[in-house]
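First comes the structure, then the notes that go with it.
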Amino acid sequence: ISEVKNQSTFSFLDLDFERKSGEITLFLLNIMLLVFIGTYNYEQFFEVIEKTNLSADTHERVNAVIFSILMAVGVILFYFKGGFNFDEKAHLLKKLAKVWIALNVVLIVSAMIKNTEYVSFYGLTYKRLGVYAFLILAIIGLVYSFLKIIKQKTNAYLVNQMVWYFYGTILICSFFNW
């Protein structure tokens, strides 16, 4: 069995610096996402929202989820690639990544609740159903990102799983006459 070598991404940076930069990045992203979730949920549950703003608010939530998921997966793919998956000193980095994934799940659930509110006022349409499908796929992607970190899987594992779930969703949707 060949041993996996832990190499830094760039030749001019050492491994400790890259690990520490990942910890700082994920810590700051966690703080930012926590504030973001707090303000959004305050607006969603404690402020009176006009029905005319419901569409814009829902789109804003889904766009925030898209951006956050892309950042989350990008950061995880960058910091947990190759030999860096097996870094024994990366305990804090792994914990911060798991917190980041959990916070993204909270953000997705918040967006689902907002979409449900939108559906309750205006009814279920294909696009609103598509939002649910996207949010469910996003949660599945985060679960596999979590499993990638825990089980020390490669980036190809994560991409492979998501491609299959996306393909399965397309396949299931093709059975219905929309």
Please tell me if the side chains of [X] and [Y] come closer than 4.5 Å, counting only heavy atoms from C-beta onward.
{"X": "Leu96", "Y": "Leu29", "result": "no"}
{"X": "Trp164", "Y": "Gln161", "result": "no"}
{"X": "Phe27", "Y": "Leu92", "result": "no"}
{"X": "Phe67", "Y": "Met71", "result": "yes"}
{"X": "Asn155", "Y": "Lys148", "result": "yes"}
{"X": "Ile139", "Y": "Leu135", "result": "no"}
{"X": "Lys153", "Y": "Tyr144", "result": "no"}
{"X": "Lys98", "Y": "Ile150", "result": "yes"}

Share the residues that join Val159 in a hydrophobic cluster, the rule being Ile, Leu, Val, Met, Phe, Trp or Tyr side chains under 4.5 Å apart at the heavy-atom level.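 Val159 clusters with Val163.
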Any chance you could measure [X], atom [atom1], to [Y], atom [atom2], to the nearest 0.5 Å?
{"X": "Thr116", "Y": "Leu124", "atom1": "OG1", "atom2": "CG", "value": "10.0 Å"}
{"X": "Asn160", "Y": "Thr154", "atom1": "CG", "atom2": "OG1", "value": "9.0 Å"}
{"X": "Leu137", "Y": "Met162", "atom1": "CG", "atom2": "CE", "value": "5.5 Å"}
{"X": "Lys20", "Y": "Thr25", "atom1": "NZ", "atom2": "OG1", "value": "11.5 Å"}
{"X": "Ile37", "Y": "Asn104", "atom1": "CD1", "atom2": "CG", "value": "7.0 Å"}
{"X": "Glu23", "Y": "Ser21", "atom1": "CD", "atom2": "OG", "value": "8.5 Å"}

Mind listing the closest non-hydrogen atom pair of [X] and [Y] along with its distance?
{"X": "Ile108", "Y": "Val65", "value": "CG1-CG1, 3.8 Å"}
{"X": "Ala64", "Y": "Tyr40", "value": "CB-CE2, 4.4 Å"}
{"X": "Ser68", "Y": "Leu107", "value": "CB-CD2, 3.7 Å"}
{"X": "Trp100", "Y": "Asn30", "value": "CA-OD1, 3.0 Å"}
{"X": "Ile149", "Y": "Ala97", "value": "CD1-CB, 3.6 Å"}
{"X": "Gly141", "Y": "Leu158", "value": "O-CD1, 4.0 Å"}

Do Val62 and Asn115 pass the side chain to side chain contact (heavy atoms under 4.5 Å, CB included) test, and can you show the C-alpha distance, the side-chain angles, and the key distance before you say yes or no? CA-CA 9 Å; Val62 172; Asn115 195 44; 5.8 Å; no
As a quick check of understanding, evaluate side chain to side chain contact (heavy atoms under 4.5 Å, CB included) for Tyr132 and Val119, giving each step before the final call. CA-CA 11 Å; Tyr132 282 123; Val119 167; 4.1 Å; yes
Do the side chains of Tyr165 and Leu70 join up, straight or via other hydrophobic residues, at under 4.5 Å, putting them in one cluster?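 Hydrophobic grouping puts Tyr165 with Leu70.
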Would you kindly confirm whether Val35 and Ile101 end up in one hydrophobic cluster when ILVMFWY residues are joined by side chain heavy atoms under 4.5 Å apart?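 Looking at the clustering, Ile101 is in a separate group from Val35.
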Does OH in Tyr157 sit with more than 12 non-hydrogen atoms of other residues, nucleotides or ligands closer than 6.0 Å?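 Enclosed: over 12 neighbouring heavy atoms sit under 6.0 Å from OH of Tyr157.
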Can Leu103 and Phe36 be said to form a side chain to side chain contact (heavy atoms under 4.5 Å, CB included), step by step? CA-CA 10 Å; Leu103 288 174; Phe36 186 74; over 6 Å; no
Tyr122 and Arg128: side chain to side chain contact (heavy atoms under 4.5 Å, CB included), yes or no, with the steps? CA-CA 10 Å; Tyr122 295 109; Arg128 294 176 196 137; 3.6 Å; yes
